[in-house]
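Here the structure is a predicted model, which is why all the values come from computation and not from measurement. Letters A, B, ... mirror the listed sequences (proteins, then strands); counts begin at 1.
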Amino acid sequence: MSIADIRLTHFDREVYEPAEDSYMLADALKDEWENVEKGNPSICLEIGCGTGYVICSAALLIQGNGVCFATDVNPQAAAATRMTLAAHGVHAEVVVGDLLAGMEKRLAGKVDVLLFNPPYVPTPDEEVWSGKGEGGITASWAGGDRGRVVIDRVLPLVNDLLSPSGILLMVLVHDNDPPDVANQLRLHGLDSKLVLTRDADEEKLHIMKVW
Amino acid sequence: MRLITHNMLACNIKGVKSGFPLKIEAETVEVKEAELNPEFLQRMYPKLEWKAFVDAAVSLNVTGLPDEVTPALLEDEEFLKKFHHALLEIHVEEGALICPETGRRFPVQKGIPNMLLNEDEC
């Protein structure tokens, strides 16, 4: 099995359950993998791992040829991720923290595959996680104005993080204004395109590939 | 937390200039075998801060790593075994990471470091 098995994914009420967006991101990673493999990827990183479904899929694909890192602001998510990884017999380094959790300097220019399923739901700005202390379940989906508050914190970091052949795969919804996201990335010298689109219950989901 | 992660972590408190490397205070350490992949080790070596890695290993009583690594060593089976063991098989399960500049403790529980900051640290 090259992507994670939902039956082996550890659930917790306080952690974002894998949903259509998680599956799409894992599917997009699997689709891209043939290309990614050509560059001999060493380092995968997921920002916001939730139950670990996506990073587990990455670990299954990369096996011993690379190392996977995963971060989350919710300690329960990190714990769930650890269990999901163990259930699949794979390993990833899990760290509780905001965005890059203190790894941004050391990982600069080294991330071959960056994965991000952000809190993308448009909400009042007050509902967005403050950045201090622990994040709970709301931190997994509340995205503030246009659902962009957390996305916009990550976009300026991408170019510095990615290795020369590195890519970012990121979930976006229509409300996040993907063309504007693409423009922001272009200002940092990055190209992007939507590689997967699906209609879920309440929203049109996209996976954007950035390089 | 394995030493590969420790080598990537730095204290991210606002204003801290020398937050790397973090000092490891280990309460529980486990050894879990992993398959040795020489090619991965060779690719990973240039991405590491070698001195910080060796010092961290020594602090966990894992010795035998050289101060300098030559291209020849990266092909040497004995060296690769030691490198692999220290990088990927030592797990700090319980303990803390200490910022060298501020002394701030970041707990490590069940193998997971917690780098979340407080109100006054962001």
Side-chain angles (χ1 to χ4, degrees), chain A residues 39-45 49 52 59 62-83 85-86 89-112 129-136 139 153 161 163, chain B residues 1-14 16-22 30 32-49 52-53 84 87-93 97 99 104 106-122:
Chain A
N40 255 331
S42 301
I43 295 178
C44 283
L45 170 78
C49 50
I62 207 170
Q63 296 287 334
N65 300 309
V67 61
C68 290
F69 296 94
T71 71
D72 206 291
V73 299
N74 182 341
Q76 282 153 294
T81 292
R82 193 173 194 251
M83 287 188 259
L85 292 162
V90 287
H91 193 89
E93 301 297 300
V94 187
V95 181
V96 171
D98 183 28
L99 299 185
L100 277 305
M103 297 190 284
E104 50 275 16
K105 287 200 190 109
R106 287 286 297 122
L107 286 177
K110 299 185 177 103
V111 180
D112 299 305
W129 179 65
S130 67
K132 286 128 189 151
E134 289 178 11
R153 291 180 65 214
L161 268 177
S163 65
Chain B
M1 180 201 68
R2 300 186 293 181
L3 290 184
I4 193 171
T5 311
H6 169 262
N7 204 260
M8 299 301 156
L9 283 169
C11 173
N12 48 356
I13 292 176
K14 193 169 170 192
V16 165
K17 300 214 168 54
S18 324
F20 177 87
L22 297 161
E30 280 173 29
K32 298 180 200 172
E33 261 182 49
E35 204 179 306
L36 194 157
N37 186 319
E39 210 251 320
F40 167 69
L41 293 170
Q42 287 157 354
R43 270 186 282 124
M44 198 61 211
Y45 167 72
K47 302 178 209 274
L48 298 174
E49 283 288 336
F53 170 58
H84 169 78
L87 190 70
L88 298 171
E89 293 187 328
I90 312 285
H91 295 251
V92 177
E93 290 293 313
L97 299 171
C99 172
R104 162 64 146 102
F106 296 96
V108 180
Q109 289 162 304
K110 296 209 170 81
I112 301 173
N114 188 327
M115 308 299 294
L116 288 173
L117 299 178
N118 302 320
E119 184 91 38
D120 53 341
E121 293 171 326
C122 297

Between B:F20 and chain A, with a heavy-atom cut-off of 4.5 Å, which part of the residue counts as in contact: side chain, backbone, both or neither? side chain

Checking heavy atoms, do the side chain of B:N118, its backbone, both or neither come under 4.5 Å from chain A? backbone

Could you look at A:I43 and say if it's the side chain, the backbone, both or neither that has a heavy atom under 4.5 Å from chain B? side chain

B:E49, part contacting chain A, at a heavy-atom distance under 4.5 Å: both

Quick one: do B:E121 and B:R104 make a salt bridge, cutoff under 4.0 Å? yes

If you round to the nearest 0.5 Å, how far is CD1 of B:I90 from NZ of B:K32? 11.5 Å

With a 4.5 Å cut-off on heavy-atom pairs, point out which of A:T81, A:V73, A:V94 contacts chain B the most. A:V94

So which part of B:E39 gets closer than 4.5 Å to some heavy atom of chain A, the side chain, the backbone, both or neither? side chain

Please classify the contact of B:L117 with chain A as side chain, backbone, both or neither, using a heavy-atom distance under 4.5 Å. backbone

So, the part of B:C11 with a heavy atom under 4.5 Å from chain A: the answer is neither

Sequence-distant partners of A:D98, salt bridge (Lys or Arg N to Asp or Glu O under 4.0 Å), two or more places apart: A:R153

In Å, rounded to the nearest 0.5 Å, how long is the span from CD1 of B:I112 to OG1 of A:T71? 11.5 Å

Tell me, side chain or backbone of B:M44 under 4.5 Å from chain A's heavy atoms, or both, or neither? side chain

To the nearest 0.5 angstrom, please state how far the CG atom of B:L88 sits from the CG atom of B:L36. 8.5 Å

Turns out that what part of B:D120 lies under 4.5 Å from chain A's heavy atoms comes down to neither

Straight-line distance of A:S163 OG to B:K47 NZ, nearest 0.5 Å: 6.5 Å

Quick one: do the A:E93 and A:H91 side chains pair a donor with an acceptor below 3.5 Å? yes

Heavy-atom pairs under 4.5 Å with chain A are the metric here; pick the option from B:K110, B:E119, B:R43, B:M115 that has the most. B:R43

For A:E134, is it the side chain, the backbone, both or neither that has a heavy atom under 4.5 Å from a heavy atom of chain B? both

Cationic N near anionic O, under 4.0 Å, A:R82 to B:E93: yes

Consider only side-chain N and O atoms of A:N65 and A:N40, and report whether a donor and an acceptor are under 3.5 Å apart. no

B:H6 portion near chain A, given a 4.5 angstrom heavy-atom threshold: neither

